[in-house]
Amino acid sequence: MKKAIQYLFLAFLIAFTAIRGVLPGWTNVHSDFANYYVAAKLVTEGTSLDTIYDNKWFQQEINKHGIDTQGKFAPFPPATAWVMIPLTPFTPLTAQRIMVLVNLIFIIFGILLIKKITHLQFYQCAILIFGAGLGLANNIAFGQLYWIMTVFILLSIILIKKGYSIWGGMILSAFIAIKYFPIVFIGGYFVNSIVSKNKSNARIPSGLKAVLAAAFTGLAIVAAELLFFNGEVIKQFISAVLIPHLDGVLVGQGSYTFHFQSWESLLRNLFIKHSEFNPSPWIDWPAGKTIFKILITVIVWGSMTMVFYSYRLARGDKRRSVYLALPALAALVLLPASATYHFILLLIPLVLIVSENLLKRKFLITILITYFLIGFIPYGLSFELAKSIGLLFAYPRLWLISVFYAIVLFGLIEKQNYVGHAV
């Protein structure tokens, strides 16, 4: 009976993904995919990319290639222009349909990798993946790269654990060049290597090999970017894209919108007055935004450091999983701007937690419920409540990921206190 219910739940999740993800991705070219596709088209056509970060120019190029949607290259690192080159021989819609199929194939790969890491049943691994809800569906519909990146990160974790550290590090570095996020795993491996070095007879721990491989791969990618793009493009990316992005400012998109939920966005709406977009903040106190942002950052990274220290003497696999999962969760809490498909990455720390039985059952069930809630937030209702009741209702994803992080912290501390240094 219990298994039958799980199969019915999985059927619902698959149907949701098909309706909200596969069908839209199959019928229309969406802006996210158009950005990747047109940038790659410009590369293959030999078009000068000196103005690729000019939103107006890039929009014209999107329309020239027969795509009727709003877009821009502004959020992306230069190397992103190479990602869709294999799809450029096809028409935009055909190319996006191929991308839909690639994402679906990667679901199978993802199930197999999670099964290998966690030893769960095939259908249970599928539930975890499809349980990402809007994260997975929107990734497929919009032609995004986050699910493919998630699968490759899981693969890198397996490779590094098996001793293929160079390949694992190279994979992480390749995705850092286009999506930043995997850098948290490089950091986790680095810290774990420092802690474990004194306990290991190996000259170079596998995690440190991965870090070094990632560093050299990163340097090679930067060198390739400098050779392919001129210095002015790189300068534009750093000054007009990367630095504003870290401050939660998305070029060409509203800084006060609820859709890209983050502490940055919430604090901006609470403390920064804007005559058009935020005429009535809670209090017009710009310094308050900075103060609270620093305070939240210190709390998140400080609590993570405390748990790191608590697990410094834990056995290797368990400690490594903690040191990889917590930075990923902390980064998701502190993202300067977030979209639904970013939270498919939450699957990685969840898999690490399950694989090493890091939490007691009550904590595990709670984070699983929170994970499914994040995947199925009714944003329309939430935004309407924000208009009628208050701003805090506009940020359900932010609250849920913060709760997820807090539960994991408390669960790890309780588990450590229960079993002591024998974990």
Original post:
If you look at every heavy atom in V29 and A34, which pair is closest and at what distance?
Top reply: CG1-CB, 4.2 Å
Original post:
Relative to each other, are the rings of F142 and H30 parallel, tilted or perpendicular (30° and 60° limits)?
Top reply: tilted
Subject >> Atom CH2 of W282: over 12 foreign heavy atoms under 6.0 Å >> reply: no
Original post:
For the residue pair V333 and L398, what are the closest heavy atoms and their distance?
Top reply: O-CD1, 4.1 Å
Subject >> Pairs meeting criterion salt bridge (Lys or Arg N to Asp or Glu O under 4.0 Å) with involvement of residues 210-234, two or more places apart >> reply: E232-K235
Original post:
In Å, rounded to the nearest 0.5 Å, how long is the span from CG of L42 to CD1 of I85?
Top reply: 10.5 Å
Subject >> Within residues 116-138 or reaching into it, pairs that qualify as ring pair (Phe, Tyr, Trp, His ring centres under 6.0 Å) - sequence neighbours excluded >> reply: Y7-Y123
Original post:
Within a radius of less than 6.0 Å around OH of Y379, do more than 12 heavy atoms belonging to other residues, nucleotides or ligands occur?
Top reply: yes
Original post:
How would you list all residue pairs meeting salt bridge (Lys or Arg N to Asp or Glu O under 4.0 Å) that involve residues 123-141, not counting sequence neighbours?
Top reply: none
**OP:** Evaluate the side-chain proximity of P327 to Y189: yes if any heavy-atom separation is below 4.5 Å, no if none is.
**Re:** no
Subject >> From CG (L242) to CZ (F237), nearest 0.5 Å >> reply: 4.5 Å
Original post:
Would you say the side chain of V22 lies within less than 4.5 Å of the side chain of N103, judging by non-hydrogen atoms?
Top reply: no
Subject >> Nearest heavy atoms of I413 and V307, plus distance in Å >> reply: CG1-CG2, 4.0 Å
Original post:
For the ring pair F33 and Y36, is the centre-to-centre distance below 6.0 Å?
Top reply: no
Subject >> Close side-chain approach of F175 to I153, heavy-atom, < 4.5 Å >> reply: no
Subject >> W399 side chain vs L392 backbone, donor-acceptor pair below 3.5 Å >> reply: yes
Original post:
Does any non-hydrogen side-chain atom of L136 lie less than 4.5 Å from one of I107?
Top reply: yes
Original post:
Hey, is the main chain of Y311 close enough, under 3.5 Å, to the side chain of R319 for a donor-acceptor pair?
Top reply: no
**OP:** Please round to the nearest 0.5 Å and tell me the distance separating atom CG of N35 and atom CD of Q144.
**Re:** 8.5 Å
**OP:** Going by the ring-ring contact (aromatic ring centres under 6.0 Å, His included) test, name the single residue among F404, F9, F343 that passes it with F372.
**Re:** F9
**OP:** Kindly write out the residues that satisfy ring-ring contact (aromatic ring centres under 6.0 Å, His included) with W82, not counting sequence neighbours, or none if the list is empty.
**Re:** F228, F229
Original post:
When you measure from the side chain of E264 to the backbone N and O of A337, does any donor-acceptor pair fall under 3.5 Å?
Top reply: no
Original post:
Taking everything shown except L212 itself, do over 12 heavy atoms lie less than 6.0 Å from its CG?
Top reply: yes
**OP:** Rounded to the nearest 0.5 Å, what's the gap from CG on L104 to CE on M99? Could you check?
**Re:** 11.0 Å
Original post:
Is the shortest heavy-atom distance from the side chain of T150 to the side chain of N139 under 4.5 Å?
Top reply: no
Original post:
Does a donor on one side chain and an acceptor on the other come within less than 3.5 Å for Y405 and S303?
Top reply: yes
Original post:
What are the two closest heavy atoms between F76 and K72, and how far apart are they?
Top reply: CE1-O, 3.8 Å
Original post:
Rounded to the nearest 0.5 Å, how far does CD1 of I272 lie from CG of N278?
Top reply: 9.0 Å
**OP:** With R312 as the cation and Y309 as the aromatic partner, state whether NZ or CZ is under 6.0 Å from the six-membered ring centre and within 45° of the axis.
**Re:** yes
Subject >> No-hydrogen, no-angle side-chain donor-acceptor test under 3.5 Å, D32 and Y146 >> reply: no
**OP:** Check whether any side-chain N or O of T17 sits under 3.5 Å from a backbone N or O of L13 as a donor-acceptor pair, and report yes or no.
**Re:** yes
Original post:
So, do Q59 and Q70 sit near enough that their side-chain heavy atoms are less than 4.5 Å apart?
Top reply: yes
**OP:** Under the side chain to side chain contact (heavy atoms under 4.5 Å, CB included) rule, what do S402 and W263 come out as? Steps first, then yes or no, please.
**Re:** CA-CA 10 Å; S402 299; W263 287 107; 3.6 Å; yes
**OP:** Please report the C-alpha distance between K415 and N357 in whole Å, then the side-chain angles of each, then the deciding distance to 0.1 Å, and finally whether the side chain to side chain contact (heavy atoms under 4.5 Å, CB included) criterion is met.
**Re:** CA-CA 10 Å; K415 188 75 176 282; N357 192 27; 3.9 Å; yes
**OP:** For atom CD1 of I166, decide whether the heavy atoms of other residues, nucleotides or ligands shown that lie under 6.0 angstrom number more than 12.
**Re:** no
Original post:
Would you say Q236 and I52 make side-chain contact, with heavy atoms under 4.5 Å?
Top reply: no
Original post:
What residues, two or more places apart in sequence or in another chain, satisfy side-chain contact (heavy atoms from CB on, under 4.5 Å) together with K209?
Top reply: S165, I204
Original post:
Quick one: does S338's side chain have a donor or acceptor within less than 3.5 Å of a partner on Q261's backbone?
Top reply: yes
**OP:** Look up atom CD1 in I114 and atom CG in L347, then write down how far apart they are to the nearest 0.5 Å.
**Re:** 4.0 Å
Original post:
Do you know the tightest heavy-atom contact between W147 and I344?
Top reply: CE3-CD1, 3.4 Å
**OP:** Identify the residue among F258, F383, F260 that makes a ring-ring contact (aromatic ring centres under 6.0 Å, His included) with Y395.
**Re:** F258
Original post:
Quick one: are F73 and L49 in side-chain contact, heavy atoms under 4.5 Å?
Top reply: no
**OP:** Please report the shortest heavy-atom distance between K318 and E356, naming the atom on each side.
**Re:** NZ-O, 2.5 Å
Original post:
Relative to the ring of F12, is the ring of F16 parallel (under 30°), tilted (30 to 60°) or perpendicular (over 60°)?
Top reply: tilted
Subject >> From CA spacing to verdict: side chain to side chain contact (heavy atoms under 4.5 Å, CB included), F190, L208 >> reply: CA-CA 6 Å; F190 180 72; L208 186 55; 4.2 Å; yes
Original post:
Can you pull the salt bridge (Lys or Arg N to Asp or Glu O under 4.0 Å) pairs that have at least one residue in residues 381-406, sequence neighbours excluded?
Top reply: E384-K387
**OP:** Could you walk me through whether W301 and M304 pass side chain to side chain contact (heavy atoms under 4.5 Å, CB included), step by step?
**Re:** CA-CA 5 Å; W301 290 114; M304 182 189 76; 3.0 Å; yes
Original post:
Is there a donor-acceptor pair under 3.5 Å between the side chain of T217 and the backbone N or O of A213?
Top reply: yes
